[in-house]
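First the proteins, then the strands, lettered A, B, ... as listed; each starts at 1.
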Amino acid sequence: MPQPEFDAAKLKLIPREFYNRDPRRVARALLGKVLVRRQGESLLAGRIVEVEAYLGAGDAAAHSAAGRTPRNSVLFGPPGYVYVYFIYGNHYCFNISCLPDGEAGGVLLRALEPLAGIDEMMKNRGMAGPATNLQALRMISSGPGRLAEALGITRERDNGKDVTSPASDLVVMEDGFRPKKVAITARIGITKSADELLRYVIAGNGFVSGKRA
DNA sequence: TTATAGATTGCCT
DNA sequence: GGCAATCTATAAT
């Protein structure tokens with residue numbers, strides 16, 4: 001197995017201002033960044049390879065479409081905070097709020113390329129390790145429910161956390177990696193506003209969710 | 001108070 | 001390819 005290109009020493013925290021703009025721009029800019037989870041003594045990290053933008057206004061598919069509720073209030077709050085929701089009675093999905101306080105909007109993280117703490121992530125997923133091929137690695141965090149489980153993300157634990165704080169155990173960082181090519185497609189798994197091109201992926205990356213490797 | 005759909009995944013045929 | 005699992009929010013009685 002080739003080791004992924006990754007050097008934890010290069011990681012720099014991304015500031016709140018990064019998220020204080022249109023979710024489409026944040027989504028595009030998040031591709032190639034690194035999601036880092038501190039789990040006890042371990043560091044779990046994955047490169048963001050697939051995201052979707054959910055707009056506050058005029059986006060029927062967004063949880064914020066029907067106005068502010070206790071559940072979605074993070075989306076209406078200041079940028080750079082964690083919004084986790086539970087879906088289909090089985091899975092958590094991880095989002096980051098965008099736009100200034102009072103304006104709704106967010107980005108759903110849909111797939112990560114595992115970089116560090118791979119054994120721990122497999123344990124969190126209930127997988128037997130070690131991973132010996134690409135197919136096994138893909139099962140760790142290619143899909144919104146999978147990546148949340150791999151990093152131990154739950155609503156109870158993580159909703160409302162600040163991804164820009166050095167004190168947080170769940171942050172987004174950057175290591176200088178730049179995607180070579182980005183593809184934009186329709187969002188996956190939704191029925192409302194299904195035609196909007198708001199899904200961003202690193203073109204050709206093998207960890208993008210879906211059946212095709 | 002009851003019904004139904006949902007930003008998914010994994011197992012079954 | 002089909003569908004069950006199983007919690008939450010919202011719509012319909």
Engineer: B:dA7 C1' sits how many Å from A:L147 CG, rounded?
Structural biologist: 12 Å
Engineer: Which whole number of Å gives the distance between the P atom of B:dA5 and that of C:dC3?
Structural biologist: 15 Å
Engineer: Under 4.0 Å, counting only non-hydrogen atoms across every strand here, what does A:R125 touch: a base, just sugar-phosphate, or nothing?
Structural biologist: sugar-phosphate
Engineer: Sticking with atom C1', work out how far B:dA7 lies from C:dG1, rounded to a whole angstrom.
Structural biologist: 23 Å
Engineer: Take atom OH of A:Y92 and atom P of C:dC7, then tell me their distance rounded to the nearest Å.
Structural biologist: 10 Å
Engineer: Test the A:R16-A:Y19 pair against the cation-pi criterion, namely NZ or CZ under 6.0 angstrom from the six-membered ring centroid and within 45° of the ring axis.
Structural biologist: no
Engineer: By nearest heavy atom, map A:A66 and A:G89 onto DNA chain C; which one lands nearer the 5' end?
Structural biologist: A:G89
Engineer: For A:R110 and B:dT8, is the shortest distance between a side-chain N/O and OP1 or OP2 below 4.0 Å?
Structural biologist: yes
Engineer: Quick check: on DNA chain B, is the nucleotide nearest A:T191 upstream (toward 5') of the one nearest A:P144, or the reverse? Name the residue that is more 5'.
Structural biologist: A:T191
Engineer: Does A:G145 or A:K192 map to a spot on DNA chain B nearer the 5' end, using the closest nucleotide for each?
Structural biologist: A:K192
Engineer: What is the distance from CZ of A:R138 to P of B:dT9, rounded to the nearest Å?
Structural biologist: 11 Å
Engineer: What is the distance, rounded to the nearest whole Å, between atom NE2 of A:H91 and atom C1' of C:dA4?
Structural biologist: 11 Å
Engineer: Counting only Watson-Crick or G-U wobble pairs whose two distances fall under 3.5 Å, which nucleotide matches C:dT6?
Structural biologist: none
Engineer: Could you state the atom-to-atom distance from CG of A:N90 to P of C:dT8 in whole Å?
Structural biologist: 12 Å
Engineer: Kindly state whether the pair A:Y54 / B:dA7 counts as stacked, where counting means centroids closer than 5.5 Å and planes tilted less than 30° apart.
Structural biologist: yes
Engineer: Does the side chain of A:T69 get closer than 4.0 angstrom to OP1 or OP2 of C:dA9 through an N or O atom?
Structural biologist: no
Engineer: Test A:E50 against A:R199 for salt bridge (Lys or Arg N to Asp or Glu O under 4.0 Å), laying out the working first.
Structural biologist: CA-CA 7 Å; A:E50 176 180 357; A:R199 172 172 174 259; 2.9 Å; yes
Engineer: Within the structure, does a side-chain N or O atom of A:R146 lie under 4.0 Å from either OP1 or OP2 of B:dG10?
Structural biologist: yes
Engineer: Answer yes or no: does atom CZ of A:R25 have more than 12 heavy-atom neighbours from other residues, nucleotides or ligands under 6.0 Å?
Structural biologist: no
Engineer: Roughly, in whole Å, what's the span from CZ in A:R68 to P in C:dA9?
Structural biologist: 16 Å
Engineer: Could you label the plane-to-plane angle of the A:Y92 and A:F86 rings as parallel, tilted or perpendicular, counting under 30° as parallel and over 60° as perpendicular?
Structural biologist: tilted
Engineer: Atom CZ of A:R71 and atom P of B:dG6: how far apart are they, to the nearest Å?
Structural biologist: 12 Å
Engineer: A:F207 pairs by side-chain contact (heavy atoms from CB on, under 4.5 Å) with which of A:L112, A:I48, A:L137?
Structural biologist: A:L137
Engineer: Counting just side-chain N and O atoms, does A:H63 come under 4.0 Å of either OP1 or OP2 of C:dA9?
Structural biologist: no
Engineer: When the distance from CD1 of A:I190 to C1' of B:dG6 is rounded to whole Å, what number comes out?
Structural biologist: 12 Å
Engineer: Got a donor-acceptor pair under 3.5 Å from the side chain of A:Y88 to the base of C:dA5?
Structural biologist: no
